[in-house]
Enquirer: 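Shown below is the structure under consideration.
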Amino acid sequence: MAASAMSAGSTGPPSTACSKKHRCEIAIKNPDLLFVVGGAERDVIALCDEAAAAGARSGLLAVKIASHTSRLAQACAPLQQAFDASKRFPVSGQRILLAGGERIFTPSRVTAKLACQVAHPIDWAATLTALSELGTTRVLDLGPGHALAEMARAFLPSIRSYAADGFHSVNGLRSWIASE
């Protein structure tokens with residue numbers, strides 16, 4: 001399995017026909033016509049080559065699981081069961097979870113939505129828009145890496161956005177979460 005980042009430029013997202021031809025799926029829609037596509041590595045490479053020939057910028061990511069694609073559909077139910085059974089995953093009725101820009105108010109729906117995100121595309125651009133509309137002041141990117149934190153900073157420059165990977169200790173992360 002592999003994933004690729006593609007900047008579609010003015011050509012728009014990878015076409016459905018092109019994605020089907022190469023057995024790949026759009027996994028994440030980011031701002032500025034940047035897409036993450038998932039599939040088998042050979043198929044993702046072929047899609048990248050075709051996209052580059054058409055003028056798009058593309059490259060493989062260091063990802064070996066095609067998350068946010070239908071390839072992980074069988075993981076949804078067991079993941080939800082694990083979330084529901086976990087004592088470390090408390091869901092508060094006072095919190096709003098943004099999933100692709102959707103606001104979720106019912107705690108019982110949170111675990112189902114979150115678990116099923118592994119098998120469905122994520123619209124990070126819509127999520128950033130929703131965060132802006134809600135007046136969010138802080139964003140924590142749980143990773144891996146820091147790409148989402150960087151996109152949040154670029155899209156919403158007035159908010160504090162950090163990646164968990166950037167903290168040297170759990171105590172530093174806890175301090176940031178507790179700070180105003």
Enquirer: Any donor and acceptor pair, going by atom type alone, linking the side chain of S70 with main-chain N or O of A73 inside 3.5 Å?
Expert: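 Side chain of S70 to backbone of A73, a donor-acceptor pair under 3.5 Å: no, none is there.
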
Enquirer: Going by the angle between their ring planes, with limits at 30° and 60°, are Y162 and W176 parallel, tilted or perpendicular?
Expert: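 Aromatic pair Y162/W176 classed perpendicular.
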
Enquirer: Please report the closest heavy-atom contact between A149 and D141, naming both atoms and the distance.
Expert: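 Where A149 meets D141 most closely, the heavy atoms are N-OD2, 3.1 Å.
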
Enquirer: Testing the basics here: between L128 and M151, what is the closest heavy-atom pair and its distance to 0.1 Å?
Expert: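 Heavy atoms only, the tightest pair is CD1-O, 4.1 Å.
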
Enquirer: Taking salt bridge (Lys or Arg N to Asp or Glu O under 4.0 Å) as the test, write out the residues that go with D43, two or more places apart.
Expert: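 Counting only residues at least two positions away or on another chain, D43 forms a salt bridge (Lys or Arg N to Asp or Glu O under 4.0 Å) with R23.
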
Enquirer: Going through the checks in order, is the side-chain contact (heavy atoms from CB on, under 4.5 Å) test met by K64 and E41?
Expert: CA-CA 8 Å; K64 297 298 177 190; E41 188 168 3; 3.8 Å; yes

Enquirer: Only one of L114, V118, D84 clears side-chain contact (heavy atoms from CB on, under 4.5 Å) with L79; which?
Expert: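 By the side-chain contact (heavy atoms from CB on, under 4.5 Å) criterion, L79 pairs with just one of L114, V118, D84: V118.
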
Enquirer: Look only at the side chain of H68 and the backbone of Q117, and say whether a donor-acceptor pair between them is shorter than 3.5 Å.
Expert: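 Yes; judged by distance alone, with no hydrogens or angles, the pair exists.
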
Enquirer: Within this structure, what is the CD1-NZ distance for the pair I122 and K29, rounded to the nearest 0.5 Å?
Expert: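 NZ of K29 is found 13.0 Å from CD1 of I122.
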
Enquirer: Closest approach of T136 and I159, non-hydrogen atoms and distance?
Expert: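 Here T136 and I159 meet closest at O-CG2, 3.0 Å.
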
Enquirer: Any idea which heavy atoms bring S179 and R138 closest together, and the distance?
Expert: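 Closest approach of S179 to R138: O-NH1, 2.7 Å.
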
Enquirer: Please list, chain by chain and in numerical order, all residues satisfying side chain to side chain contact (heavy atoms under 4.5 Å, CB included) with S132, sequence neighbours excluded.
Expert: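 Testing S132 for side chain to side chain contact (heavy atoms under 4.5 Å, CB included), a comparison that skips the adjacent residues, returns L156.
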
Enquirer: Looking at every non-hydrogen atom in both residues, tell me the closest pair between A75 and P78 and how far apart they are.
Expert: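 Reported closest heavy-atom pair: O-CD, 3.3 Å.
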
Enquirer: Measuring from I28:CD1 to F35:CZ, what's the distance to the nearest 0.5 Å?
Expert: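 Result: 12.0 Å between the selected atoms.
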
Enquirer: Nearest 0.5 Å, what's the NZ-SG distance between K113 and C76?
Expert: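 If we round to the nearest 0.5 Å, K113:NZ and C76:SG are 10.5 Å apart.
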
Enquirer: Rounded to the nearest 0.5 Å, what separation is found between the CG atom of L148 and the CZ atom of R153?
Expert: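 It comes to 11.0 Å.
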
Enquirer: By side chain to side chain contact (heavy atoms under 4.5 Å, CB included), which residues pair with S67, not counting sequence neighbours?
Expert: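 So S67 forms a side chain to side chain contact (heavy atoms under 4.5 Å, CB included) with I65, L72.
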
Enquirer: What pair of heavy atoms forms the shortest contact from A40 to R71, and how long is it?
Expert: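 In this case the closest contact between A40 and R71 is N-NH2, 3.6 Å.
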
Enquirer: How long is the gap from CZ on F155 to OG1 on T127, to the nearest 0.5 Å?
Expert: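 The CZ atom of F155 sits 10.0 Å away from the OG1 atom of T127.
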
Enquirer: Please round to the nearest 0.5 Å and tell me the distance separating atom CZ of R42 and atom SG of C24.
Expert: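 The distance works out to 10.0 Å.
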
